[in-house]
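Following: one structure in structure tokens, then a few remarks.
Below, read A as the first sequence line, B as the second, and so on, with proteins coming before strands; counting in each chain starts at 1.
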Amino acid sequence: MDAIGSVMNVTRKEKVNLQPIQENQLDDNQNLSESDSKAGENSGLMNRMRLNDNKAGMDGLDKEKINQVILEASKGSRFYENERKKEQQMNKRIEEQKIKLQQITESQLKQGIIEADKLLDEFENTRDLSKTIVHIDMDAFYAAVEMKDNPALKDKPMAVGGNSMLSTSNYHARKYGVRAAMPGFIGKKLCPELVIVPTHFDRYTEISKQVREVLAEYDPNFSPMSLDEAYLDMTEHFEKRFHLSEYERTVVCRKTDGCSKTECNCDLNLKLKPLLLYHELSRHNSSPSTNTAVKTDHSSEKLSTTTCPLCGKPYPDYHLVTFGMSPDDSVNEMRAKIEQKTGLTASAGIAPNTMLAKVCSDKNKPNGQYRILPDRDTVMEFITDLPTRKISGIGKVSETMLNALGVYTCKDLYEQRALLYHLYSPISFNYFMRICLGIGSTFVER
DNA sequence: TACATACAC
DNA sequence: TATGGTGTATGTA
Ligand SMILES: Nc1ccn([C@H]2C[C@H](O)[C@@H](COP(=O)(O)OP(=O)(O)OP(=O)(O)O)O2)c(=O)n1
Ligand SMILES: [Mg+2]
Ligand SMILES: [Mg+2]
């Protein structure tokens, strides 16, 4: 068992977490066979130090080359030796898992299936598809704030942190393999032009607060998981949404990026939007027919006031976007509001539970969203071929341990349920079974 | 309880 | 030259 810390995200409660059911806790003095056990064909870098590309913006990289650079920069360091020790611990656990595996008998397997199916049945009966859960997560958050505060960084690969540790990187830098939790000096080796800027926590907190003000409009009980992400239960919002006027579903969007030197960079929805009411929008028309976003171009020339009362500068070109009634529309609207208010983009996932919503929010990142419709077939189709590593709570170690059992995707969790039943703790087993059914928490609590 | 490990951000 | 800081959770002794 492995996969501790598991569930974390899936909302308070309902954490799972696997842990080795192991006999000896530490018992140092391994047989450190100098041979790095299995580095495999993989560039010779141990598993736990390889580039973690389980992140948006890291598709199609030359992983081999990147791992080569990491190895080059790390070889022989204290850190490297320590990681190697941990790697061996993990390999030892896999060996022990294998031994345990061989001791499982046919009849035990049969029993395992029976027990597993009993549990699966129970979970299936409590499946709840009635809630609409949203997970929203800012794109390259710290980096995006820094780029907003210093637009010169916008078209450069950059990261936030220092020479010894990076908190995150922008998407441009990710193309080079530069990512969060990587030392800055390795980032520089992967991308010599990389610009590293120091952190400004106060700014991140400030912007986070602005984002949360928007989230609260859709679910006052939303649950923040960090400065840059949160879960929302939007079920109630959708019920109320039909009563909203077109005005209330309209967002004033600037055409440029809000970094103008001469024009107003304030949120146009603050002062400008109310003025537009008399020109373009009628408060009382709530035609429920608008299913998708309607866009209209505008310039501020028609208005009596063309300068912003907040900053005194002229308003920029803008357009109005009126959003429809569907969950997708609402979430698009929420993301548009965030973007207008903060100048930063967010991505979102919409699904019947937190576990799925979390996976979805990564799917069309950056600046995108994805929805899983609330019916069982759609959920199962989404989950079947999904690599277990995509699920929040299954990290590198858990993934490796599962791989050793032939489990790579969520449907593999189902197919190997008999094994998992015998090899993992009840808590971990429950966790796995819920995952392979696409079931997760439907509670979002403050 | 204290400690080790896993995971997320 | 150099590989973070914080919080949550599980399992074992
Ligand atoms: N190991 C990590 C991971 C993240 N962060 C910080 C910096 C990130 O900007 C912020 C949010 O984390 P995310 O995982 O959401 O990453 P990003 O928002 O940077 O990128 P993405 O677009 O993938 O969400 O938390 C950190 O300090 N250390
Ligand atoms: Mg983010
Ligand atoms: Mg995040």
**Atom-pair distance (CG on A/Leu227; P on C/dG5), nearest Å** = 17 Å
**Asked** What is the distance from CG of A/Leu166 to P of C/dG4, rounded to the nearest Å?
**Response** 12 Å
**Item:** Residue A/Ser167, side-chain heavy atoms: nucleotide from C/dG4, C/dG11, B/dA6 that is nearest
**Value:** C/dG4
**Request:** Could you check how far CD of A/Glu83 sits from C1' of C/dG4, rounded to whole Å?
**Result:** 13 Å
**Message:** Hydrogens and angles aside, do A/His422 and A/Gln108 bring a side-chain donor and acceptor to less than 3.5 Å of each other?
**Reply:** no
**Prompt:** Whole Å only: how far is the CZ atom of A/Phe429 from the P atom of C/dT10?
**Reply:** 17 Å
**Complete:** Of B/dC7, B/dC9, B/dA8, the nucleotide closest to the side chain of A/Arg389 is B/dA8
**Item:** Aromatic contact, A/Phe222 with A/Tyr231 (centres under 6.0 Å)
**Value:** no
**B/dA8 and C/dT3, which share atom name P, separated by this distance in whole Å** = 24 Å
**Prompt:** When all nucleic acid strands are considered with a 4.0 Å heavy-atom cut-off, which category describes A/Lys86: base, sugar-phosphate, or nothing?
**Reply:** nothing
**Request:** Report yes or no: do A/Asn364 and A/Ser347 form a side-chain donor-acceptor pair below 3.5 Å?
**Result:** no
**Message:** Between A/Glu333 and A/Tyr218, is there a side-chain donor-acceptor contact under 3.5 Å, judged purely by atom types and distance?
**Reply:** yes
**Request:** May I have the distance from A/Tyr424 (atom OH) to B/dA6 (atom P), rounded to whole angstrom?
**Result:** 12 Å
**A/Lys365 charged N/C atom sitting above A/Tyr370 aromatic ring, 6.0 Å / 45°** = no
**Prompt:** Among B/dC9, C/dT10, B/dA6, which nucleotide sits nearest the side chain of A/Ile427?
**Reply:** C/dT10
**Asked** Once you round it to whole Å, what is the distance between P of B/dT5 and NZ of A/Lys92?
**Response** 10 Å
**Fill in**
Rounding to 0.5 Å, atoms CG (A/Leu101) and CD (A/Gln97) come to a distance of 7.0 Å
**Asked** When Watson-Crick pairs (N1 to N3 and N6-O4 or O6-N4) and G-U wobble pairs (N1-O2 and O6-N3) count only below 3.5 Å on both distances, what is the dot-bracket string of DNA chain C, with | for other-strand pairs?
**Response** ....|||||||||
**Message:** With a 4.0 Å cutoff (strictly under), does any side-chain N or O of A/Ser398 reach OP1 or OP2 of B/dC7?
**Reply:** yes
**Item:** Ring-face cation contact, A/Tyr414 with A/Arg417, 6.0 Å cut, 45° max
**Value:** yes
**Message:** Counting the atoms with a prime plus P, OP1 and OP2 as sugar-phosphate, which does A/Asn82 contact under 4.0 Å by heavy atoms, base, sugar-phosphate, or nothing?
**Reply:** nothing
**Message:** If you take the centroid of each ring, where Trp contributes its six-membered ring, are A/Tyr142 and A/Tyr204 closer together than 6.0 Å?
**Reply:** yes
**Item:** Side-chain donor-acceptor pair present, A/Thr409, A/Asp412, cut-off under 3.5 Å
**Value:** yes
Nucleotide N/O of nucleotides 1-3 of chain C paired with protein N/O under 3.5 Å:
residue: C/dT3; atom: O4'; partner: A/Ser164; partner atom: O; Å: 3.3
residue: C/dT3; atom: O4; partner: A/Ser74; partner atom: OG; Å: 2.4

**A/Asn430 CG - C/dG11 C1' separation (whole Å)** = 16 Å
**Request:** Could you check how far OH of A/Tyr231 sits from P of B/dA8, rounded to whole Å?
**Result:** 11 Å
**Request:** Is it possible for you to check whether A/Arg254 lies under 6.0 Å from the centre of the six-membered ring of A/Tyr318, through NZ or CZ, and within 45° of that ring's axis?
**Result:** no
